[in-house]
Amino acid sequence: MLANYGFFLLFLCSACCAYGFVGCLAAAKWRHRRMFRSARLAATVSAVLAILASGIVWYALINHDFSLYYVYKNSSTDLPFMFQITAFWSSLEGSHMLWTLFLNICTVVCLWTFSKDNEHIMPYVGAALLVVLSWMFYLACTHSDIFAVTPVFAAEGRGMNTLLQNPYMAIHPPMLFIGYTSLAVPFAYSIAALCYGDVTEGWLKSVRRWTLLSWCFLTAAIILGGRWAYVELGWAGYWAWDPVENSSFLPWLLATSLLHCLLVQGHLGQLKRLTFVLAILAFFLTFFGTFITRSGVITSVHSFAESPIGPSYLLFISGLLMVSSLIYGFRAHLVLPTDTGKVWGVSKESALVVCLLLLLSFASIIFVGTIFPIVSEALTKQRISIQAPYFNAFAPYVGLGLIVTIAVGNLLRFQANGIGKSRKIILYSMLISVPVTWLFAVQAEIFKTLSTFALVTQLVGVYLVFWCASCLTWDLIDRVKLVKGRLSVFFKRSRAFFGAYVAHMGALLMILGFLGNYRGLEQEVSLTAGEPKSVLGYDVTFMSGLEVSKVDNVRLYSAPLEISRNGKLVSRPRPARSQYPTSQDLLNEISVDGGFWRDIYIVLKDFDKNTGKNIIIQMNINPTVRFVWIATFIMVIGGLIALSDSYRGDKTRDVVAGKWEVG
Amino acid sequence: MKAVFFYLSLTIMGFSALVFAEEPKVEMPETSEMSFEDQTIFKDVAGMLRCPTCTGLSVLDSDAKFSLQIQNVVKEQIDQGKSKDQILDFFENRYGPWILREPPKKGFNIVAWIFPLLLIILGPILVWMLVWRRSRDTSENTVRSAEEIAEEFERAVKLTLSNNERA
């Protein structure tokens, strides 16, 4: 019964969005204000209906209504409440639904909160968003129907994928989807600007806000996904250059480039067309990512089983690319020229272009590395793999290049010609960073790295990071001095700059974390209760014996350990294996402990089932992993500070442009 | 600017000299029967082979049954005294290039390796052609003259109008 209501709601949604799309086109053609308002209302109604439909799914999940196939497939009666909620997005149909819901909400927010001088392009924006949305709802009704019915009566569901029963997996997908869907708005604005022929102050403001919002969510979501892999999968790493990881990283790279490109456009009015291209590509890549996840083109640990939705997605992303290229091809040369001349030379805008070059090169290397196996197999009939070693061969150089660009670029000024007084900052920072690097290298035990090449890369990298951080901080102090140290004035006027400073420092800290983690030590040992053993320089004791406990729906077999170094207690980890009621296999419950500088990462590999006195553990010493998690926080906070910048959001600078012909 | 880069490279060079002077200490797990050299070879080889049943992971990182079997074969071959390349060749002959985690640098697959290098070489040239080379003349205040802007706007408007007429 519920299923019918839900399906009907989704059907209404797709009808509303289709109407909204046609309405927006008509409003754009005849410059008809009431038509646009009607279309916007249709989008809003659709959002309300989509929220209701999601409510029905949640209702069914919480009440264990196994007559819905999706509920039967992804939940069971013993599931803790939190995972009953998150079961919504634990499989294909649900995550499609969640994505569509977020896209609809973004569309509505975008159509109601435009600035005054954008009013004339809003019909185009609405049309671009609603055509995507109609397609998504059409898919939700046909190929990816969350309200499909179980053919036979079932008293118990199949249960949720045990790997996904983890708090990180509960919040990673929604955050990623918010990041993806808010990238739709810059795309729509770009299409609108191309159709209309120019951009306004308000255009920049809106696009910057949505891109920043998306950037914050994507940053957090990607690292949360990594964190999930780190604590759940047990191979002691958080990033494997897996195709699906890559396809979440690509939109992030594009969003980052878009932000930097907007900076040039905001200050000089240059690079308008590049901004459009980047926004369109960023949006395209979010769907490319979904296509990869959904279609099973590339098999991956994240891929849901092959589904009929694959070809539809291919049709959609190729259509998207084709229509966008057509609009760009026919309209790009008509975009009005800017009123400031190009200066380039040794100035901030040049540094930003170099930064764009690096980010986009990185993105294209990752893109090629991800799709090359398919292309190669199609052309040569021979299967090949492209995995981490390929990407790791290039990533460090891009990273080092970016560090240098960040430092020099921040010291340069717009439309300057030459580096000016900053030479002093660069040189002194070089001196300051030598002792700091030394200190870091000793603390993070970098000299224990085995290969010389890796060691040199690490040290050069760490040195550059500290040099860059020093340059940035020096520049910040100089800017505060410029307003005579009045912090209130500084934070009122330069909040965006300060946000960028925080985000860049976060990025540097993250790179520091990557560099420190070059060397991972791993050892597998068997332990007997009560007998201490020396592992990787630590004394590990398996205390009394295996303990069995029951938490929620899980039976836990945990091994209490005590780890000490030179007689001093370091930590008391409890690695465990867990048994879920729906699965025969035992799952790793990894213990991650240690300290600020290194994680002691312990996986309980096996245990003696009869006595519980003998266990086999795998122990990893992972330096500076914690830096990466802390850095994520800092980066997101930086993004949020920049987002809160009220200086650019000043409504008095809005100009009412473009008139409606029909009121 | 040149001077800056000179100092920068000088510092880095000096710094790396400092690094080489420090003998990297070696920390070795004790429980394994393999010698240190053999263990390095094992880690290198197992790190270069993909786990056939999982994605993204190497044989070294994975606990899948298939991976453990491959690990044993690698260990056997190291015991027989084979070199790293010989073992990798053995696996490539047996399973095809698919088993290697990066594509072999021959045939069509070389494209995957050349592409990033091309980007590094052609990228800057492209940027120079698109951006720097087309820079227009500017007045001292780096603002173009009003007449020039007016002319350009007029051209753009005419172009739009003629386009609209055609449409």
Side-chain angles (χ1 to χ4, degrees), chain A residues 197 234-237 240-243 245 299-301 333-334 336-337 339-344 346 353 357 361 364-365 368-369 372 376 379-380 382-390 393-394 415 418-419 423 426-427 430 434 447-450 452 455-456 459-460 463 521 523 525 534 536-537, chain B residues 1 3-4 7-8 11-12 15-16 19-20 22 24-27 29-31 40 47-48 50 54-58 61-63 96-104 107-109 111-112 115-116 119-120 123-124 127 131-132 134-139 142-144 149 152-153 156 159-160 163:
Chain A
W235 53 278
W241 295 106
D242 175 275
E245 288 167 359
T299 35
S300 150
V301 68
H333 66 288
L334 296 173
L336 288 180
D339 52 358
T340 37
K342 287 176 189 173
V343 179
W344 309 106
V346 186
V353 170
L357 174 71
S361 305
S364 33
I365 291 173
V368 166
F372 195 79
S376 170
L379 291 178
T380 63
Q382 194 181 38
R383 290 181 73 191
I384 58 155
S385 313
I386 294 191
Q387 292 189 349
Y390 175 83
F394 303 108
Q415 294 186 313
I419 198 153
R423 183 169 307 195
I426 291 181
L427 290 177
M430 279 179 187
V434 174
F447 293 119
K448 285 184 181 165
T449 304
L450 296 179
T452 322
L455 182 71
V456 173
L459 282 171
V460 170
Y463 177 74
L521 285 177
Q523 195 180 340
V525 283
S534 168
L536 303 171
Chain B
M1 199 60 195
V4 172
Y7 287 124
L8 181 70
T11 327
I12 291 173
F15 200 69
S16 32
V19 169
F20 282 117
E22 180 83 5
K25 281 175 227 148
V26 165
E27 196 168 285
E30 301 114 328
T31 51
T40 333
M48 288 297 291
R50 72 170 285 166
C54 23
T55 30
L57 289 189
S58 67
D61 286 328
S62 133
D63 292 329
W98 176 75
I99 197 74
L100 302 175
R101 293 186 83 204
E102 48 179 46
F108 175 69
N109 295 327
V111 175
F115 172 75
L119 270 184
I120 293 166
V127 169
V131 180
W132 271 273
R134 289 199 315 189
S135 62
R136 304 190 188 93
D137 291 334
T138 50
S139 73
T142 71
V143 174
R144 286 187 293 149
I149 299 169
E152 198 171 336
F153 262 86
L159 194 59
T160 316
N163 268 31

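Naming: A, B, ... by sequence-line order, numbering from 1 per chain.
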Peer 1: For A:I365, is it the side chain, the backbone, both or neither that has a heavy atom under 4.5 Å from a heavy atom of chain B?
Peer 2: both
Peer 1: Heavy-atom distance under 4.5 Å between the side chains of B:I120 and A:S361, does that happen here?
Peer 2: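 When only atoms from C-beta onward are counted, A:S361 and B:I120 do not touch, as no gap falls below 4.5 Å.
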Peer 1: In terms of heavy-atom proximity below 4.5 Å to chain B, should A:T380 be classed as side chain, backbone, both, or neither?
Peer 2: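 It is the side chain, since no backbone atom gets that close.
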Peer 1: For A:P389 versus B:G47, what's the shortest heavy-atom pair and its separation?
Peer 2: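 Of all heavy-atom pairs spanning A:P389 and B:G47, the closest is CG-O, 4.5 Å.
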Peer 1: Of the backbone (N, CA, C, O) and the side chain (C-beta and beyond), which part of B:F115 lies under 4.5 Å from a heavy atom of chain A, both, or neither?
Peer 2: side chain
Peer 1: Of all heavy-atom pairs between B:A112 and A:I386, which one has the smallest distance, and what is that distance?
Peer 2: CB-CD1, 4.3 Å
Peer 1: Is it the side chain or the backbone of B:L57 that comes within 4.5 Å of chain A heavy atoms, both, or neither?
Peer 2: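 For B:L57, backbone and side chain are both near chain A.
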Peer 1: Indicate yes or no: at least one non-hydrogen side-chain atom of B:R50 is less than 4.5 angstrom from one of A:S385.
Peer 2: yes
Peer 1: Of the non-hydrogen atoms in A:R383 and B:P97, which two are nearest, and what is the gap between them?
Peer 2: O-CG, 3.8 Å
Peer 1: Are the side chains of B:S58 and A:Q387 in contact, using a 4.5 Å heavy-atom criterion?
Peer 2: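 Side chain of A:Q387 against side chain of B:S58, heavy atoms only: no contact under 4.5 Å found.
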Peer 1: Identify, with sequence neighbours excluded, every residue that meets side-chain hydrogen bond (donor to acceptor under 3.5 Å, both in side chains) alongside A:S376.
Peer 2: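 With neighbours one apart ignored, the set is B:N109.
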